[in-house]
Amino acid sequence: MEQYELDAVKQLTTRPARKYRTIEVKSLTPVIGAEVTGLDLSQGLPDDQLAELKAAFLDHHVLVLRDQIITPEDHKRLAAHFGELRPVNPPPVDADPYILEISTSPESENVAGNGWHADGTADAEPSLGSMLYITRTPEGGSGGDTLFANMHLAYEMLSPTMRGLLDGLTAVHDGRIALQGYTPPADYVIPKSEHPLVVRHPETDRKLLYVNPAYTARIPQLSAEESRALLDLLFKVVSERPLLQCRVRWTPNTLVFWDNRCVQHHATYDYHPLTRYGQRVAINGGPLKG
């Protein structure tokens, strides 16, 4: 690796370990993800435990909490500690408007999220994060792992010259890309927004690369050919750099909470025709700033 790449990784691998009093936090990799124990999500969390959970979230971006038996109300209560609940769009029929059911049938040709993306980046204000609670995993005992990638590090490992080029550019995010092959409801308004290519995390102020192949259509400051070439290069930063990633293996009654502002994820569909089931609650974010 180049020296600037080594320096970017070193900043994470050598940072002082945070000390916790009320929970235990074990890193999945030195750069992203952690398993958290010592919590019972079926109960209200005391303030000191909630504060430590929030600190771990900002440090690791992806938190895995296993062996949790929770109700939909428990799920929403936990999410509400981090912000306003985000309604499912389009809204489900005759179901909780804040809970998205993640269900795979034996007939499924594909599953939502089977490709690198961040949720809803075509919206003017994408979500802060998502809490996915999986209660049934594929019958074979494995499959359906989710990969997560650190988009802070994706940006920091680019060359200084490339970072200088990207700073100040924007990208158009178009919901039509993610809907290819699907027919949305007749009254569904397909979102389309323009965001900086490089944004700052609203809580940590760290820069991150903000493009993904599920929604990012073009860079309006460049020609069509230049835009396509640069976006393809940036998409490969995530897919071809395993060191940016962690991989979460699901077990029944596991909740995973990820920061949608600085993380991309990929739901692996390697278990056809087996099935799984879970529920996701998302949290509202705010406008993104370069």
Side-chain angles (χ1 to χ4, degrees), residues 26-36 60-68 88 99-122 126-127 129-154 175 177-182 208-216 231-232 234-282:
K26 183 177 180 181
S27 297
L28 293 178
T29 80
V31 303
I32 185 171
E35 294 218 11
V36 179
H60 298 280
H61 316 313
V62 178
L63 301 182
V64 181
L65 300 98
R66 299 190 184 277
D67 302 318
Q68 300 289 334
V88 176
I99 293 181
L100 175 65
E101 294 194 2
I102 306 294
S103 182
T104 310
S105 73
E107 295 76 33
S108 298
E109 296 180 358
N110 202 354
V111 294
N114 184 22
W116 284 107
H117 68 290
D119 291 330
T121 64
S127 72
S130 293
M131 293 182 175
L132 177 57
Y133 179 53
I134 294 291
T135 54
R136 189 179 76 239
T137 54
E139 296 88 333
S142 64
D145 295 358
T146 301
L147 288 76
F148 297 91
N150 182 335
M151 299 309 294
H152 290 301
L153 188 58
I177 300 174
L179 288 172
Q180 290 178 7
Y182 297 91
L208 63 115
L209 182 61
Y210 202 74
V211 296
N212 70 88
Y215 291 103
T216 310
L231 285 177
D232 286 345
L234 296 176
F235 296 159
K236 289 180 181 179
V237 167
V238 177
S239 62
E240 296 185 0
R241 284 215 142 162
L243 71 84
L244 300 175
Q245 307 167 16
C246 70
R247 186 178 186 113
V248 173
R249 169 160 288 187
W250 294 93
T251 52
N253 304 318
T254 294
L255 183 141
V256 175
F257 179 26
W258 67 88
D259 191 332
N260 193 59
R261 300 164 295 187
C262 63
V263 167
Q264 286 189 30
H265 62 286
H266 185 309
T268 308
Y269 189 33
D270 58 357
Y271 53 94
H272 174 79
L274 307 177
T275 65
R276 74 170 183 170
Y277 178 81
Q279 296 179 333
R280 192 197 74 186
V281 174

Requested in this report: Indicate yes or no: at least one non-hydrogen side-chain atom of Ile99 is less than 4.5 angstrom from one of Val281.
Outcome: yes

Report task. For the residue pair Arg261 and Pro126, establish whether any side-chain heavy-atom pair is separated by less than 4.5 Å. Result -> no

Query raised in the report: So, Asp119 and Ser127: side-chain donor and acceptor under 3.5 Å apart, yes or no?
Result: no

**Report entry** Nearest-0.5 Å distance, NE2 of residue His61 to CD1 of residue Ile32
**Finding:** 6.0 Å

Query raised in the report: Looking at side-chain heavy atoms only, is the closest gap between Val256 and Tyr133 below 4.5 Å?
Result: no

Query raised in the report: Taking the side chain from Gln264 and the backbone from Val211, do they hold a donor-acceptor pair closer than 3.5 Å?
Result: yes

Report summary line: Quick note, salt bridge (charged side-chain N to carboxylate O under 4.0 Å, His left out) partners involving residues 262-277, not counting sequence neighbours, are none

**Report entry** Straight-line distance of Thr135 OG1 to Trp250 CH2, nearest 0.5 Å
**Finding:** 10.5 Å

Query raised in the report: About how many Å separate CG of Leu209 and CE of Met151, when rounded to the nearest 0.5 Å?
Result: 4.0 Å

Query raised in the report: Is there a donor-acceptor contact under 3.5 Å linking the side chains of Tyr269 and Ser108?
Result: no

Report summary line: In this structure, CG of Asn114 is separated from OG1 of Thr268 (nearest 0.5 Å) by 7.0 Å

Query raised in the report: When you look at Val111 and Tyr271, which way does the side chain to side chain contact (heavy atoms under 4.5 Å, CB included) test go after all the steps?
Result: CA-CA 11 Å; Val111 294; Tyr271 53 94; 3.9 Å; yes

Query raised in the report: Roughly how far, to the nearest 0.5 Å, is OG1 of Thr146 from CH2 of Trp258?
Result: 7.0 Å

Requested in this report: Using the six-membered ring wherever Trp is involved, compare the ring planes of Trp116 and His266 and label them parallel, tilted or perpendicular (cut-offs 30° and 60°).
Outcome: perpendicular

Query - Thr254 and Val64, any side-chain heavy atoms less than 4.5 Å apart - result: yes

Requested in this report: Tell me, with the steps shown, if Leu243 and Leu153 meet side chain to side chain contact (heavy atoms under 4.5 Å, CB included).
Outcome: CA-CA 9 Å; Leu243 71 84; Leu153 188 58; 3.9 Å; yes

Requested in this report: Output the distance between atom OG (Ser130) and atom CG (Asp259), rounded to the nearest 0.5 Å.
Outcome: 10.0 Å

Query - Leu28 side chain near Val248 side chain, heavy-atom distance below 4.5 Å - result: yes

